[in-house]
Protein chains: 2
Amino acid sequence: MAASAEQELGTSLNLKLDANGLITAVTVDADTHQVLMVAFMNPAALERTLATGKCTYWSRSRQKFWVKGEESGNIQQVVSVHIDCDQDAVWLKVLPQGDGGACHVGFRSCFYRVVEDGALIERP
Amino acid sequence: MAASAEQELGTSLNLKLDANGLITAVTVDADTHQVLMVAFMNPAALERTLATGKCTYWSRSRQKFWVKGEESGNIQQVVSVHIDCDQDAVWLKVLPQGDGGACHVGFRSCFYRVVEDGALIERP
């Protein structure tokens with residue numbers, strides 16, 4: 001379904017949800033500009049993120065809210081929330097707290113590898 | 001389905017596709033660090049992107065490859081391609097060509113609005 005003019009040019013949140021009722025969230029370190037992770041939010045998760053200033057995602061695997069860093073201490077403090085033209089994605093600028101790790105594998109960012117000449121090379 | 005250790009730590013591309021056979025692509029301006037757009041790629045689109053050095057997405061609405069800027073001249077020249085832990089998302093750093101517009105609404109980035117106090121405010 002195409003986005004409406006209201007979605008593209010309006011001043012109110014009118015999210016375009018996917019088949020699972022979600023939007024894509026891209027989380028970027030406000031200082032280093034590194035993309036930390038890509039995850040999902042439902043409208044309530046975005047609402048909680050905006051209300052608390054802490055990134056709150058929707059875990060598809062566990063089917064529940066997921067306050068990033070709630071257990072590890074690596075809370076993502078929200079600096080700004082940007083929404084795209086058709087309102088199916090948000091770009092969050094954050095200040096990672098704790099030791100800053102965003103990725104369960106142990107790196108600061110989930111994007112710790114680059115693709116070069118057909119191979120993946122670790123470059124955190 | 002959880003990602004395998006091979007997907008997380010291996011050196012070979014082994015994409016984790018969603019129900020539509022796609023991964024998420026986050027495209028960032030290598031100079032300004034602005035997130036330009038969020039789109040989708042299937043394995044062949046990623047292959048074309050890597051082979052040509054021009055961002056090539058999969059258009060879900062048109063069900064075909066979409067070389068960004070092919071018509072407008074705003075080609076996205078690839079600087080680097082980063083893949084995340086479970087290989088279901090890529091982060092592309094690009095140098096936008098032409099007038100640099102990534103968004104069909106007319107802005108440089110699709111994320112031309114921020115969410116503040118419940119309202120969307122234009123801030124390209």
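Below, read A as the first sequence line, B as the second, and so on, with proteins coming before strands; counting in each chain starts at 1. Here the structure is a predicted model, which means the values were calculated and not measured. Any value given below was found using the heavy atoms of this structure, including those in side chains, with hydrogens, waters and symmetry copies removed.
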Under 3.5 Å, which donor-acceptor pairs link chain B to chain A? Give each pair on its own line with the distance.
from	atom 1	to	atom 2	distance (Å)
Gln7(B)	O	Arg113(A)	NH1	2.8
Gln7(B)	O	Arg113(A)	NH2	2.8
Glu8(B)	O	Tyr112(A)	OH	2.6
Glu8(B)	O	Arg113(A)	NH1	3.0
Glu8(B)	OE2	His104(A)	NE2	2.6
Gly10(B)	O	Arg113(A)	NH1	3.2
Thr11(B)	O	Leu120(A)	N	2.7
Val81(B)	O	Val115(A)	N	2.8
Ile83(B)	N	Arg113(A)	O	2.9
Asp84(B)	O	Arg113(A)	NH2	3.1
Cys85(B)	N	Cys110(A)	O	3.1
Cys85(B)	O	Arg113(A)	NH2	3.1
His104(B)	NE2	Glu8(A)	OE2	2.6
Cys110(B)	O	Cys85(A)	N	3.1
Tyr112(B)	OH	Glu8(A)	O	2.5
Arg113(B)	O	Ile83(A)	N	2.9
Arg113(B)	NH1	Gln7(A)	O	2.8
Arg113(B)	NH1	Glu8(A)	O	3.0
Arg113(B)	NH1	Gly10(A)	O	3.1
Arg113(B)	NH2	Gln7(A)	O	2.8
Arg113(B)	NH2	Asp84(A)	O	3.1
Arg113(B)	NH2	Cys85(A)	O	3.1
Val115(B)	N	Val81(A)	O	2.8
Leu120(B)	N	Thr11(A)	O	2.7

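- Residues Phe111(B) and Leu15(A) do not share a hydrophobic cluster, defined by chaining ILVMFWY side chains whose heavy atoms lie under 4.5 Å apart.
- Counting heavy-atom pairs closer than 4.5 Å to chain A, the top-ranked of the candidates Val105(B), Leu46(B), Val114(B), Val35(B) is Val35(B).
- Separation of atoms CG (Leu9(A)) and CG (Leu120(B)) is listed at 11.0 Å; rounding is to 0.5 Å.
- Within the 4.5 angstrom heavy-atom criterion, atoms from both the backbone and the side chain of Val81(B) approach chain A.
- Val79(A) forms part of a hydrophobic cluster together with Leu95(A), judged by ILVMFWY side-chain heavy-atom separations under 4.5 Å.
- In this structure, Ile75(A) shares a hydrophobic cluster with Val67(A), the cluster being traced through Ile, Leu, Val, Met, Phe, Trp and Tyr side chains under 4.5 angstrom apart.
- At a 4.5 Å heavy-atom cutoff, the contact between Leu50(A) and chain B is made by side-chain atoms alone.
- Of the residues listed (Ile23(A), Val90(A), Val26(A), Val38(A)), the one engaging Val38(B) in a side-chain contact (heavy atoms from CB on, under 4.5 Å) is Val26(A), and it is the only one.
- Listed by first and then second residue, the ring pair (Phe, Tyr, Trp, His ring centres under 6.0 Å) pairs involving residues 5-24 of chain B amount to none (not counting sequence neighbours).
- Hydrophobic clustering (side-chain heavy atoms under 4.5 Å, transitive across Ile, Leu, Val, Met, Phe, Trp, Tyr) groups Leu36(A) together with Met41(A).
- Note: Ile83(B) leads Ile83(B), Ile121(B), Val115(B) in heavy-atom pairs under 4.5 Å with chain A.
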